[in-house]
There are 2 protein chains.
Amino acid sequence: MSHPTLEDVAARAGVSRALVSLVMRGSPKVGKERREAVLEAARELGYRPNVMARSLAAGRTGMVGLLADLHDPACAALHDGMAEAAARRSVRLLLVGGGGRPARERAALHQLLDLRPDGVLLANPRSSASDIERAAGTCPLAVVGRSPRSARLDGVTGDDAAAVELAVSHLAALGHRDIACLSLSPRPPASLRNAYAAAMRDAGLGDRPIARDLLAPPAPEDGGRAGAWRPSEPFSAAVAIGDATGAGALAALGRTGLRVPGDVSLVVVGDPPGAAAIGVTTVAPPPRELGRAAMELLLDRIGGERPEEGRRITVPPLVVGRPSTAPPA
Amino acid sequence: MSHPTLEDVAARAGVSRALVSLVMRGSPKVGKERREAVLEAARELGYRPNVMARSLAAGRTGMVGLLADLHDPACAALHDGMAEAAARRSVRLLLVGGGGRPARERAALHQLLDLRPDGVLLANPRSSASDIERAAGTCPLAVVGRSPRSARLDGVTGDDAAAVELAVSHLAALGHRDIACLSLSPRPPASLRNAYAAAMRDAGLGDRPIARDLLAPPAPEDGGRAGAWRPSEPFSAAVAIGDATGAGALAALGRTGLRVPGDVSLVVVGDPPGAAAIGVTTVAPPPRELGRAAMELLLDRIGGERPEEGRRITVPPLVVGRPSTAPPA
DNA sequence: GTGAAAGCGCTAACAT
DNA sequence: ATGTTAGCGCTTTCAC
């Protein structure tokens, strides 16, 4: 028999279906005698409860859905943290791949909600605020990675400003004094500019404007040849804000004769793909921790807490030291 | 109403439940009039069919489960290929994270099977052959990434020997003549040794033994200082077999004065984490293609095909050229 | 074409 | 402590 049912087990153990159901759910009010008989029969038959049937009857599914982009390298650690927290409360974690594009994510979200999970976790969602709010009307929901737009939603995020400060103080502690700050964004948020300036001040250093690129193009007389790029200002270390900026900074440095970390130390605020492989120091909230916190928020809500205001958790950043940082030459 | 049911829709449209069910499943034998009324009512109510109830009644869930290790960088592309093939047949793809450790994978597999998916895909499974076979007894199953032990199971894999040959011929085409071959494995499979030898012969070159390390330690008189490692044999290019070997080779080259690709070109057979970020040329089967093929195998089986012998698909390797390879100096 | 009736496998009162 | 009875929301014969 490929899929024995509760009834099969009951028949084999010589008891009623309800009794088997109680045993399977570990009810304390079943005699030791019968319990063992039931367990024995179930084992012999290779019985496994049908989650669908159970959910339908119970009105809860016992599972939490995660919508995430598998291409995000932090996704695995995020999932680990969630799985860990879920396991502690014996909740099953199911993943559907959002895949980045909003249209695909929307479809995936629907697919997830159709399963009637007890709750939903959205990792770095790209969906519209209204889609997310509609979903939240359907079942408990928490957002991780970005701040949810609606104030009623629970969310777990990192703290970019704290990360910038930490990056600067890390470099300062290493002995750097000329610490530049890079951002691809044409106008970085004031919070980040302030964080950089404040951290430099705290370290007793003077800040400079946040730049999009610290390397001036080769002078015409150089003939534009590779290797002729030079720093537009002297600096021995740089903080690149954001994954894209980090990648760009590395590429830019690669075009110069500048060695990392020999000539310049580099810290990326964020967690770009391949950071570990490339050996670049990063400052970011540990994704595992983000996941754990989000799952806990969600489980609280599933457990019955229904605060009017969404709760927000901020996970402090951590420095992951890699070979791209060293004391100045 | 948070979750309107079929009945709610029926009431609103003034028809019977069965009629709504037919419409929802796109049956052709419903009058245009009533169909539109039903669709309208469903839309107004925001009706979404309950997958659980539907599966329970229909005896199929319309979903396939994927068990994969999210930490595997190829996982995302694998999933994309599967999702693409699944979407064409309107099957939902659900992921549960195996997480590498066999115990955890075992639990995840059970969790997946408890959902009664129409089929299961195992990506690089570490589970025991007996666990896998037991699972295959439960529902259609296909293995991707490794060859399934049992001959009765469907499987999709790459072709390591072909990849080695392709790597060698790629380097030969670039103009390399001294092409070494590295493997961390103490005794690489004969198929790989032969593939390397054959490819060298085809290129009109002489092969050499596969080595675990091509860099001799510094001679004692050097005082063991970094940068003193030297090639134990002259070579201008190397093929590293396997992710771990690739990482090791890069690290080893990093300890020397040897530049990549200036002094030596490197090709990794496999797809180590961060290969793209690091800029190392790889030769491997495109993971997306592996996923697509596996899903198609599975859907055939779900569709009713039940060949006695498991079917095997081999996806040919592809060269992904990156900066670690260049013509010899 | 349309509706009524019988489950799918399980849980959760409610009896006993 | 154990069995009985209704459903959960849907699909699927089978009559009309």
Side-chain angles (χ1 to χ4, degrees), chain A residues 1-39 41-42 45-63 90 92 113-118 138-139, chain B residues 1-39 41-42 45-63 90 92 113-118 138-139:
Chain A
M1 178 160 8
S2 175
H3 280 304
T5 73
L6 206 60
E7 184 138 25
D8 298 322
V9 177
R12 185 159 233 264
V15 301
S16 76
R17 286 175 10 191
L19 215 236
V20 179
S21 175
L22 285 180
V23 172
M24 295 319 292
R25 282 173 296 137
S27 162
K29 40 186 190 179
V30 178
K32 188 168 187 292
E33 200 90 333
R34 304 216 165 195
R35 136 168 297 121
E36 309 235 303
V38 168
L39 256 21
L45 257 36
Y47 170 76
R48 304 238 79 203
N50 183 323
V51 172
M52 298 279 174
R54 172 179 289 200
S55 306
L56 192 57
R60 337 169 260 94
T61 55
M63 48 194 222
S90 54
R92 281 174 295 278
L113 292 175
D114 284 352
L115 288 175
R116 304 285 194 275
D118 292 343
T138 290
C139 71
Chain B
M1 179 158 9
S2 176
H3 281 303
T5 74
L6 206 60
E7 183 138 26
D8 298 323
V9 178
R12 185 160 233 263
V15 301
S16 77
R17 282 172 16 186
L19 213 238
V20 179
S21 175
L22 286 179
V23 172
M24 294 320 291
R25 280 173 297 134
S27 162
K29 42 187 189 178
V30 179
K32 187 168 188 293
E33 199 91 334
R34 304 217 165 196
R35 137 169 295 123
E36 309 235 304
V38 168
L39 256 21
L45 257 32
Y47 170 76
R48 305 237 78 205
N50 183 324
V51 173
M52 302 273 175
R54 170 178 290 195
S55 307
L56 192 57
R60 333 168 265 92
T61 55
M63 48 194 221
S90 53
R92 282 175 295 278
L113 293 175
D114 285 351
L115 288 175
R116 304 285 193 274
D118 292 344
T138 290
C139 71

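A, B, ... follow the sequence lines: proteins, then strands. Residue 1 opens every chain.
Using a 4.5 Å heavy-atom cutoff, the side chains of Val23(A) and Leu39(A) are in contact. Two residues are said to be in side-chain contact when any heavy atoms from C-beta on lie closer than 4.5 Å; Arg92(B) and Asp114(A) fail this criterion.
Taking both residues in full, the closest heavy atoms of Val9(A) and Ala42(A) are given as CG1-N, 3.9 Å, listed atom of the first, atom of the second, then distance. Met52(B) and Asn50(B) get closest at one heavy-atom pair: N-OD1, 2.8 Å.
Between Leu56(B) and Val30(B), the residue anchored closer to the 5' end of DNA chain C is Val30(B), taking for each the nucleotide with the nearest heavy atom. Nearer to the 5' terminus of DNA chain D, by closest-nucleotide assignment, is the contact made by Gly14(A) (compared with the other of Gly14(A) and Gly59(B)).
For the pair Leu115(B) CG and dG9(C) P, the computed distance is 16 Å after rounding to whole Å. Rounding to whole angstrom units, NE2 of residue His3(A) and C1' of dG9(C) are separated by 12 Å. Met24(A) places its CE atom 17 Å from the P atom of dT2(D), with the value rounded to the nearest Å. Separating the CZ atom of Arg116(A) from the P atom of dG9(D) is a distance of 9 Å, rounded to the nearest angstrom. Between the P atom of dT12(D) and the NZ atom of Lys29(B) lies a distance of 11 Å, rounded to the nearest Å. One atom, CZ of Arg60(A), and another, P of dC8(D), lie 17 Å apart when rounded to the nearest Å. Whole-Å rounding puts the Arg35(A) CZ to dA1(D) C1' distance at 12 Å.
Under the 3.5 Å distance criterion, the side-chain polar atoms of Arg116(A) are left unmatched by any main-chain donor or acceptor of Cys139(A). The main-chain N or O of Val51(B) is found under 3.5 Å from a side-chain atom of Ser55(B) such that the two form a donor-acceptor pair.
Neither OP1 nor OP2 of dA4(C) sits under 4.0 Å from any side-chain N or O of Arg17(B). At least one side-chain nitrogen or oxygen of Ser16(B) sits closer than 4.0 Å to the OP1 or OP2 atom of dG3(C). Regarding contacts with the backbone of dT11(D), a side-chain N or O of Ser21(B) is found under 4.0 angstrom from either OP1 or OP2.
Taken from OG1 in Thr138(B) to CZ in Arg48(A), the straight-line distance is 10.0 Å, to the nearest 0.5 Å. Leu19(A) CG to Arg35(A) CZ: the interatomic distance, rounded to the nearest 0.5 Å, is 9.5 Å. Interatomic distance, CG of Leu45(A) versus CG of Leu6(A), reported as 11.0 Å (0.5 Å rounding).
Within the 4.0 angstrom heavy-atom criterion, only backbone atoms of the sugar-phosphate kind lie near Arg34(A); the bases stay farther away. Using a 4.0 Å heavy-atom cutoff across all strands shown, Ala58(B) reaches sugar-phosphate atoms only and no base atom.
With dA6(D), dC10(D), dG3(C) as the choices, the nucleotide that has an atom nearest any side-chain atom of Leu6(B) turns out to be dC10(D). If you check dG3(C), dC10(C), dA12(C) against the side chain of Leu19(B), the one that comes closest is dG3(C). Side-chain proximity of Val15(A) to the nucleotides dG3(D), dG7(C), dT2(D) is greatest for dG3(D).
Residues of residues 46-55 of chain B having a heavy atom closer than 4.0 Å to DNA chain D, listed by number: Tyr47(B), Pro49(B), Asn50(B), Ala53(B), Arg54(B).
Identified under the salt bridge (charged side-chain N to carboxylate O under 4.0 Å, His left out) test for residues 18-28 of chain A, with sequence neighbours left out: none.
If one axis is set at each end of the helix from dG1(C)-dC16(D) to dT16(C)-dA1(D) from five pairs, those axes are 40° apart, to 10°.
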